[in-house]
Amino acid sequence: MDSQTSQSSQSPHTFQVDLRGLVDLLSQHLYSSPKVYLRELLQNAVDAVTARRAEQPGAPARVRLYVDDAGGGLRVEDSGIGLTESDVHSLLATIGRSSKRADGLEAARSDFLGQFGIGLLACFVVAERIRVISRSARTPEAPPVEWTAADDGSYTVRTLPDAERPEPGTTVHLVARAGAAEWLTEERVLALARDFGSLLPYDVRVGEEEVTDLPAPWDRPYPSPANRRVALARHCHDLFGFTPLDSIELNVPLAGIRGVAYVLPSAVSPAQRAGHRVHLKGMLLTERAEQLLPDWAFFVRCVLDTDSLRPTASREALYEDETLAAVREALGERIRSWLTGLAAGEPERLAAFLAVHHLGVKSLARHDREMLRTMLPWLPFETTDGRLSLKEFAQRHPVVHFTRTVEEYRQVAPIASAQGVGVVNGGYTYDSELVEALPSVRPGTVVAELDADTVTAHLDAVDPDEELALSGFLAAARAKLDPLGCDVVLRAFHPMSVPALHLDDRAARHEQARSAAEEGADDLWAGILGSLRGSAPRARLVLNHLSPLVRKIGSLGDAELIGTATESLYGQALLMARRPLRPTDSALLNRAFIGLLEWATNGEEGRR
């Protein structure tokens with residue numbers, strides 16, 4: 001008894017599949033849209049034709065789609081390998097088994113589009129009933145067989161008279177499910193068939209309308225390069241909705257890839273993921289392939305056909321593997337070669353490209369020394385001499401000074417330019433890295449980050465006697481700004497319209513942040529932060545001795561008014577530098593403004 005119980009408990013069981021639930025799973029999670037049903041139908045038909053021609057090279061290669069708008073149905077006929085009754089039972093009625101596993105076809109598997117055996121099951125996304133009539137090309141003496149399935153999981157199989165299907169091949173009939181009839185209209189079927197199958201190698205038609213359009217636009221002969229460029233631009237506009245700046249041939253024979261990359265006519269964010277159209281053996285696999293190109297090539301959109309890349313289970317994306325990584329590198333090399341070709345022989349086209357996409361090229365040049373060397377004469381940078389390449393700028397200045405932030409550049413650019421100091425704005429994406437890499441491709445170039453000491457050193461010192469005469473004013477000003485962590489120095493510089501210049505650097509800002517944190521911390525953290533106090537330079541307010549306003553303030557005798565005026569100069573210098581204001585800075589500006597109003601009001605009352 002115990003033995004029998006043990007044997008019974010270990011007996012095998014089979015899974016029970018709820019077909020309706022599985023169809024819902026496909027439509028909601030595996031596929032992005034019900035439209036993929038037509039791709040599956042085309043795929044099965046094309047694979048069947050491929051299988052037959054592998055055994056019978058002279059066999060016809062036709063796929064026809066007929067729409068019954070009145071009845072809400074679709075009929076797909078192919079001249080492919082066909083099925084016997086045993087094939088129908090073992091292949092169509094078994095979920096997960098691919099018809100490519102049939103005897104004799106495994107060797108030709110690489111020629112098939114489908115790889116996952118889902119096949120007709122996807123058609124239940126739009127159909128409530130599927131009817132298949134097929135006749136095998138391998139056993140032409142066998143009668144045609146009919147397989148009819150409903151979306152509840154039931155199916156029937158029966159043989160038919162020879163007249164029902166006299167020639168080898170398969171016919172698939174779909175009857176639309178409730179709410180899905182729109183997917184089986186002639187207009188929709190034709191549009192989907194052309195979208196998915198325009199590059200298929202066989203004669204595919206919807207009624208009498210041709211679906212295929214071969215050769216592909218990038219493979220067609222053209223009278224001249226200019227004609228080719230115009231034709232591809234038209235193709236890009238039809239496909240992606242924009243007219244490209246240029247087109248780049250993508251030809252990687254070893255990976256079985258042919259296609260074209262279109263250069264976007266407007267700038268895009270490097271973080272934006274590009275969507276590329278990828279055909280697999282002529283069948284559109286996806287129009288949103290994101291991992292096809294290197295990240296730096298965000299300025300192009302691609303369309304290509306391949307026979308080497310692997311699709312994911314939904315056949316709507318590419319499988320990330322070593323092959324895809326190699327293809328990505330090879331396509332990146334094609335785009336890199338196009339750029340170097342423009343630099344070598346077509347400077348006007350390169351300039352037009354860089355005017356829009358210099359950011360992408362700078363991204364590439366950071367990691368590619370040869371690309372940096374090639375693009376160096378062309379890459380534009382914001383400098384105190386205008387927009388120049390680093391090469392041009394280095395020819396003008398013995399030292400290439402640069403700032404790491406846009407704020408720092410705006411702070412010092414007017415003053416540095418007036419003193420003859422050249423500065424590159426390194427605050428934009430990638431720019432500071434490229435400036436620092438300049439000596440590696442232009443030996444002998446001196447590159448230095450601009451700091452407050454360097455700017456101050458280039459400003460003219462004031463005559464000692466004149467500075468001594470202003471010592472009282474300077475002492476009052478320093479006392480006023482000392483709590484803010486800012487020193488006051490007197491220099492003479494142009495333009496005279498700038499009364500004061502606020503200078504700091506990253507070390508000074510770090511010290512300010514540390515000091516502020518120390519003041520607001522408890523005893524334990526205040527002690528820790530205090531131990532981190534170093535010899536970092538403080539920010540400084542450089543007063544311009546050439547400014548009439550500074551001279552007038554320096555002659556004031558009221559210490560309180562001098563302090564208010566100094567705070568006003570400090571606040572105005574901060575605003576000119578476009579620095580983010582700290583709460584203490586905002587409070588100072590408000591206090592100085594009110595103080596000047598009170599002084600002006602009291603002065604007016606005194607004059608009355």
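Note that these values count all heavy atoms, side chains included, but never hydrogens, waters or copies made by symmetry.
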Minimum heavy-atom distance [X]-[Y], with the two atoms named:
X	Y	answer
His401	Gly422	CB-O, 3.3 Å
Ser308	Ala255	OG-O, 2.6 Å
Pro548	Met496	CD-O, 4.4 Å
Ala297	Ile335	CB-CD1, 3.9 Å
Ala343	Thr374	CB-CG2, 3.7 Å
Thr243	Ala233	CG2-CB, 4.4 Å

**OP:** Begin from the C-alpha positions of Leu450 and Tyr409 and carry the test side chain to side chain contact (heavy atoms under 4.5 Å, CB included) through to its verdict.
**Re:** CA-CA 9 Å; Leu450 191 68; Tyr409 177 80; over 6 Å; no
**OP:** Please test Thr564 against Trp599 for side chain to side chain contact (heavy atoms under 4.5 Å, CB included), starting from the C-alpha separation and ending with a verdict.
**Re:** CA-CA 10 Å; Thr564 300; Trp599 175 81; over 6 Å; no
Original post:
Is the centre of the Trp338 ring less than 6.0 Å from the centre of the Phe353 ring?
Top reply: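 Yes.
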Subject >> Under the side chain to side chain contact (heavy atoms under 4.5 Å, CB included) test, residues paired with Pro347 that sit two or more places apart >> reply: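 With neighbours one apart ignored, the set is Trp378.
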Could you measure the distance from the [atom1] atom of [X] to the [atom2] atom of [Y]? Nearest 0.5 Å is fine.
X	Y	atom1	atom2	result
Leu304	Leu292	CG	CG	5.5 Å
Leu354	Leu339	CG	CG	7.5 Å
Phe381	His358	CZ	NE2	9.0 Å
Asn425	Arg410	CG	CZ	7.5 Å
Thr566	Lys480	OG1	NZ	8.5 Å
Leu250	Thr306	CG	OG1	11.5 Å

When you measure from the side chain of [X] to the backbone of [Y], do you find a donor-acceptor pair of N or O atoms at a distance under 3.5 Å?
X	Y	value
Asn227	Tyr222	no
Arg369	Ser440	yes
Tyr570	Leu589	no
Tyr262	Val303	no
Arg334	Asn251	yes

Just so I know, are the side chains of [X] and [Y] near enough to count as touching, which here means a heavy-atom distance under 4.5 Å?
X	Y	answer
Arg301	Pro244	no
Leu264	Val356	no
Cys302	Leu293	yes
Leu556	Phe473	no
Glu392	Thr383	no
Leu459	Val489	no
Phe242	His237	no
Leu359	Thr429	yes

Original post:
With sequence neighbours left out, what residues match Arg258 under salt bridge (charged side-chain N to carboxylate O under 4.0 Å, His left out)?
Top reply: Asp219, Glu249
Subject >> Qualifying residues under salt bridge (charged side-chain N to carboxylate O under 4.0 Å, His left out), relative to Arg478, sequence neighbours excluded >> reply: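 In terms of salt bridge (charged side-chain N to carboxylate O under 4.0 Å, His left out), with neighbours along the sequence ignored, Arg478 is linked to no residue.
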**OP:** From the options Val447, Thr445, Val435, select the one residue that forms a side chain to side chain contact (heavy atoms under 4.5 Å, CB included) with Leu390.
**Re:** Val435
Original post:
Do you know which of Val424, Leu376, Leu372 makes side chain to side chain contact (heavy atoms under 4.5 Å, CB included) with Leu434?
Top reply: Leu372
Original post:
Where do Glu333 and Arg336 land on the salt bridge (charged side-chain N to carboxylate O under 4.0 Å, His left out) test, with the steps shown first?
Top reply: CA-CA 5 Å; Glu333 182 58 36; Arg336 184 185 290 108; 2.6 Å; yes
**OP:** Give the C-alpha distance, both sets of side-chain angles, the deciding distance and a yes or no for side chain to side chain contact (heavy atoms under 4.5 Å, CB included) between Leu388 and Arg396.
**Re:** CA-CA 11 Å; Leu388 298 174; Arg396 299 184 182 187; 3.7 Å; yes
Original post:
Angle class for the Phe393/His397 ring planes (parallel below 30°, perpendicular above 60°, tilted otherwise)?
Top reply: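 Plane angle between 30° and 60°, so tilted.
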Pairs touching [range] that satisfy salt bridge (charged side-chain N to carboxylate O under 4.0 Å, His left out), sequence neighbours left out:
range	answer
residues 431-442	Lys362-Asp431, Arg366-Glu433, Arg404-Glu436
residues 542-561	none
residues 224-237	Arg229-Asp246

**OP:** Let me see the working for Asp368 and Trp296 under side chain to side chain contact (heavy atoms under 4.5 Å, CB included), right down to the final yes or no.
**Re:** CA-CA 11 Å; Asp368 191 320; Trp296 56 260; over 6 Å; no
